[in-house]
Each structure stands twice: as C-alpha cells, then as structure tokens.
Engineer: 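Please find one structure pasted underneath; my questions will follow.
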Amino acid sequence: FDFFYAPSFTHRTDPGPSQDDDDWYHDLGLNTSLKLADRLRLMLSDSFSRTLDPAYEDQGTTLRRDSDYYINRVNGGLDCDIAPQSVMTVRARHMVKAYDDGDVADQYDQDSIGATVGFWRQVQRTMGLEIMADYAEHHYNDGDFDVDRDSSSVYGAIGLNKNFSQHFSGMARVGYKQFDYKDDAIDSEGAPFVRVAVKGAPNPGTRLTLGVSHELKNADEYPFASEQFTGVDARLEWDAMKNLLLAASGSYWLGRYEDSVVPTEYPNQVLSDPTWAAYLAANDVREDGDKATVMAALEAKILLPMDSAVRIVQRYENVESDVSQDFTRNSTSLIFSKEF
C-alpha cells in the first residue's frame, strides 16, 4: 500500500491571457497490491492531478488552451501464474479529464475506458515473450455544435523483453490498431502499433532510457477524432550524491492530423461561431497538417527523511503546429512529495 501527495509551485513565462505567472498544483496517488493466493495477485492504482494545460501527460499531449483542469486515472487488475514461467494478466482502466472554463469544457472534456488481456512467458533465462489484446472507448464532449469525436479502438500486439547483460535490457512491442468512429461519415481505419525501448546503466549510479513509438491514437487536438503519432524520448539519471539525484530528459513528438477524421458537424461551427473563426484566422490554423513538439527538462531531486523529497524541474516546450497555436514556454517547478 503506497499513498503519495505532491504539491508543486510553478513559475512560467509567456502565460495565456487568463493565467498567472505563478500557480500551485497538486498530485495525489494510490498504489496497492494484494496477494490473494499463491498464484493470484490483485493490483489497484489511482492518480489524481489538479494542474495546468499544457501539461506533460501521455505521449503526444502538449496543449495550449490556457485553462486549468483536473485529471483522474484508475487502473486495476489481476495477475495469475497459470504455469511455471507463465503469467496471465487482466487490466481495466478509466480516465476522466475536466476543465475549469465552461466554454473549454464544452469541447475538450473527455473520458475513456479500456481493458487489456495479456499472456507473458519466460522462453529463455534472459528473454520473455508477451501477447496482448486491448479494447478502449474514447469520449469527448460534443459542444454546442454536436461535433462528435467519439471512437473505439482495438489492438493486438506481440512483445519481446530481453536482458542483454546485467546492466542492459530492451523491449519491443509490435502490433496493429484499429479505430472505429461514432460519426458514420468517418471510415474505420487501422495502422501498425510499435514501441521499442532500451534501458542501461553505462556507469554505476547512472541510468539511461531511450524509446521510440508509433501508433494511431485518439487525438489531442480539436476537432480531430484521431491522429497518427510518432515519438522519440530519452532520459538520463545520475546519483550525484547519496541523497541527490540529477536527471535530464527530452522528447520529440510528431502528430499527423487528417481532414478525413474531422466530424461532419464541424463545418457548421466554423460558419456559425465568430469567436472560433477568429481564433482559426489569428493562428493560421489549417484543416489538416502536422504538430511537432520538442520538450526538454532538467531535474534535481533531493531525498529527505520520512519518505519525502523535493524536486526542482526546469522545463522547455516548443510547439509548431498547423492545426493549433504555436508557442514556446519555459517553466520552473518546485515540488514537494511525501509517501505514506
């Protein structure tokens, strides 16, 4: 049983017109696991964040809508040892995201629900094989113009985990993902699903992680129902002292947005909503295109007594988008966390 709370104070440059230079935000989390029997384990986790948009969340999610929000994620499931060196896993999840501003909430509030079934087997002393299937439903608010971006997705994948040495490991997951849309005018589509990552410890006290991803996912930009996402991420950690950890991380995300997945009611909004039309004109927003995001961060974490810590994070974000606002932002965060 693990419960944590992490309040953070953030200072940012170039805030939106409705934002302050400084703000407080909060993260709460709960992780539990229970051994029900010799071969059966139960797990449950919940994470709640009261935070700022844009925010570093899932891959591909850096938005500028100048509105605070809360997000809550619940995950639960079972692990069952069905045979020696073989494990069956079942997972269910739910996410809800809600904005403070009513006008923003009408278009951007969202929730999703999903489930995954997987089978893992250790085929060699240093290698494991994984097979999985996943189903999810994605729901967005329709807004005043009934722009229906809802969809469902299903994918199957096979994964491989390999320990190349005591200090170096890797994983690869390859499959296919299919999207179906609630708007009947949008055709179903599918695309490959790929995730490759390596972890290593080049030196004692140093850890390096590199990853590459490609998938079809539910879109983080309005009014699109999905996007083609490609991303590269890296993180380097160094135990500078007994109670001091330093880290540097970076990522590059490229989202491709097609006009073929824009709901049929959206043109009515462009014609009937002067405020939205003015936003599109002011930011030179196109009906389709790319969004490229570069993020970099430096972090220092100081471990304190009684399972607590202080983190200082300096983050840089740059977004160049054909389908939304371009922006560059620097932010400095001071975060205190406590585990119970």
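Just so you know, residue 1 is the first one in the sequence shown, and it goes up from there.
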Engineer: Once rounded to the nearest 0.5 Å, what's the spacing between atom CD1 of I312 and atom CG of L334?
Structural biologist: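 If I round to the nearest 0.5 Å, the distance is 6.0 Å.
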
Engineer: Will you find, in the side chains of D326 and S321, an N or O donor that is under 3.5 Å from an N or O acceptor?
Structural biologist: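 Not at all, the side chains of D326 and S321 share no donor-acceptor pair under 3.5 Å.
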
Engineer: Using a strict threshold of under 4.0 Å (side-chain N to carboxylate O), is an ion pair present between D322 and R256?
Structural biologist: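 Salt bridge flag = no for D322 with R256.
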
Engineer: Looking at D100 and R50, is there a salt bridge between them, counting it only when a charged N and a carboxylate O are closer than 4.0 Å?
Structural biologist: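 Looking at D100 together with R50, the answer is yes, because their closest N to O distance falls below 4.0 Å.
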
Engineer: For the atom pair CE (M95) and NE2 (H138), what is the distance rounded to the nearest 0.5 Å?
Structural biologist: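 These two atoms lie 9.0 Å from each other.
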
Engineer: Once rounded to the nearest 0.5 Å, what's the spacing between atom OG of S188 and atom CZ of F179?
Structural biologist: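 Nearest 0.5 Å value for the OG-CZ distance: 11.0 Å.
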
Engineer: Could you check whether any side-chain N or O of Q122 sits under 3.5 Å from a backbone N or O of Q124, counting only pairs where one atom can act as donor and the other as acceptor?
Structural biologist: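 Yes, because the side chain of Q122 sits within donor-acceptor range (under 3.5 Å) of the backbone of Q124.
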
Engineer: Would you check if M132 and V117 make a side-chain contact, meaning some heavy-atom pair closer than 4.5 Å?
Structural biologist: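 M132 vs V117: side chains apart.
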
Engineer: Is the shortest heavy-atom distance from the side chain of T328 to the side chain of N318 under 4.5 Å?
Structural biologist: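 Of all side-chain heavy-atom pairs linking N318 with T328, at least one is under 4.5 Å.
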
Engineer: Cation over ring, R149 on Y140, under 6.0 Å and within 45°?
Structural biologist: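 Yes, a cation-pi geometry holds between R149 and Y140.
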
Engineer: Any chance you could measure Y99, atom OH, to N141, atom CG, to the nearest 0.5 Å?
Structural biologist: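 The distance works out to 11.0 Å.
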
Engineer: Would you give the length of the straight line joining atom OG of S213 to atom CZ of R195, rounded to the nearest 0.5 angstrom?
Structural biologist: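 CZ of R195 is found 3.5 Å from OG of S213.
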
Engineer: Without hydrogens or angle criteria, can the side chains of S47 and R73 be said to hold a donor-acceptor pair below 3.5 Å?
Structural biologist: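 No, no side-chain donor-acceptor pair sits under 3.5 Å.
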
Engineer: Distance alone, cut at 3.5 Å: any donor-acceptor contact between the side chains of Q228 and E189?
Structural biologist: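 Note: Q228 and E189 side chains miss the donor-acceptor criterion.
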
Engineer: Determine whether T209 and R235 satisfy the following criterion, side chain to side chain donor-acceptor pair (under 3.5 Å), listing intermediate values before the conclusion.
Structural biologist: CA-CA 5 Å; T209 303; R235 181 175 175 86; over 6 Å; no

Engineer: Is a salt bridge present between K338 and D27, judged by a nitrogen-to-oxygen distance below 4.0 Å?
Structural biologist: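 Answer for the salt bridge query: no.
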
Engineer: Applying side chain to side chain donor-acceptor pair (under 3.5 Å) to S324 and E221, what does each step give before you reach the verdict?
Structural biologist: CA-CA 7 Å; S324 60; E221 289 292 357; 3.1 Å; yes

Engineer: Can you find a pair of side-chain heavy atoms, one from K291 and one from E227, that are under 4.5 Å apart?
Structural biologist: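 K291 vs E227: side chains apart.
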
Engineer: So, do D142 and D106 sit near enough that their side-chain heavy atoms are less than 4.5 Å apart?
Structural biologist: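 Not in contact.
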
Engineer: In sequence, state the C-alpha distance, the side-chain angles, and the governing distance for S226 and N218, and then conclude on side chain to side chain donor-acceptor pair (under 3.5 Å).
Structural biologist: CA-CA 4 Å; S226 65; N218 55 308; over 6 Å; no

Engineer: Are R41 and V87 packed together at the side-chain level, in the sense that at least one heavy-atom pair is separated by less than 4.5 angstrom?
Structural biologist: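 The answer is yes; the side chains approach within 4.5 Å.
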
Engineer: To the nearest 0.5 Å, what is the distance between OG (S33) and CG (D79)?
Structural biologist: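 Going from OG on S33 over to CG on D79, the span is 10.0 Å.
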
Engineer: We want to know whether D273 and Y279 form a side-chain donor-acceptor pair, criterion being a heavy-atom distance below 3.5 angstrom.
Structural biologist: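 Per modelled atom types, D273 and Y279 side chains form no pair under 3.5 Å.
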
Engineer: Tell me whether D134 is salt-bridged to R93, with the criterion being a basic N under 4.0 Å from an acidic carboxylate O.
Structural biologist: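 A salt bridge links D134 with R93.
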
Engineer: Just checking K301: does its NZ atom have more than 12 heavy atoms from other residues, nucleotides or ligands closer to it than 6.0 angstrom?
Structural biologist: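 For K301, atom NZ is not crowded (no more than 12 foreign heavy atoms under 6.0 Å).
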
Engineer: Quick one: are V323 and D288 in side-chain contact, heavy atoms under 4.5 Å?
Structural biologist: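 The answer is no, as the side chains (C-beta and beyond) never meet within the 4.5 Å cut-off.
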
Engineer: How would you list, by chain and number, every residue that makes a ring-ring contact (aromatic ring centres under 6.0 Å, His included) with F48, sequence neighbours excluded?
Structural biologist: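 Partners of F48 under the ring-ring contact (aromatic ring centres under 6.0 Å, His included) test: Y70.
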
Engineer: I want to check something: taking the side chain as every heavy atom from C-beta on, are S8 and W24 in contact at a cut-off of under 4.5 Å?
Structural biologist: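 No, every pair of side-chain atoms sits at 4.5 Å or beyond.
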
Engineer: Is M127 close to L160 at the side-chain level, that is, under 4.5 Å between some pair of heavy atoms?
Structural biologist: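 Yes, their side chains come closer than 4.5 Å.
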
Engineer: Could you walk me through whether Y222 and W276 pass side chain to side chain donor-acceptor pair (under 3.5 Å), step by step?
Structural biologist: CA-CA 11 Å; Y222 183 86; W276 184 253; over 6 Å; no

Engineer: When you check the side-chain N and O atoms of Y316 and Q314, is any donor under 3.5 Å from an acceptor?
Structural biologist: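 No, no side-chain donor-acceptor contact under 3.5 Å.
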
Engineer: Do the side chains of R286 and D259 get close enough for a salt bridge, i.e. N-O under 4.0 angstrom?
Structural biologist: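 Judged by the 4.0 Å cut-off on N to carboxylate O distance, R286 and D259 do not form a salt bridge.
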
Engineer: If a pair satisfies salt bridge (charged side-chain N to carboxylate O under 4.0 Å, His left out) and one of its residues is in residues 120-133, list it, with sequence neighbours excluded.
Structural biologist: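 Salt bridge (charged side-chain N to carboxylate O under 4.0 Å, His left out) check on residues 120-133 returns E130-R173.
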
Engineer: So does E237 have more than 12 non-hydrogen atoms from other groups sitting under 6.0 Å from CD?
Structural biologist: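 Correct, the count exceeds 12.
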
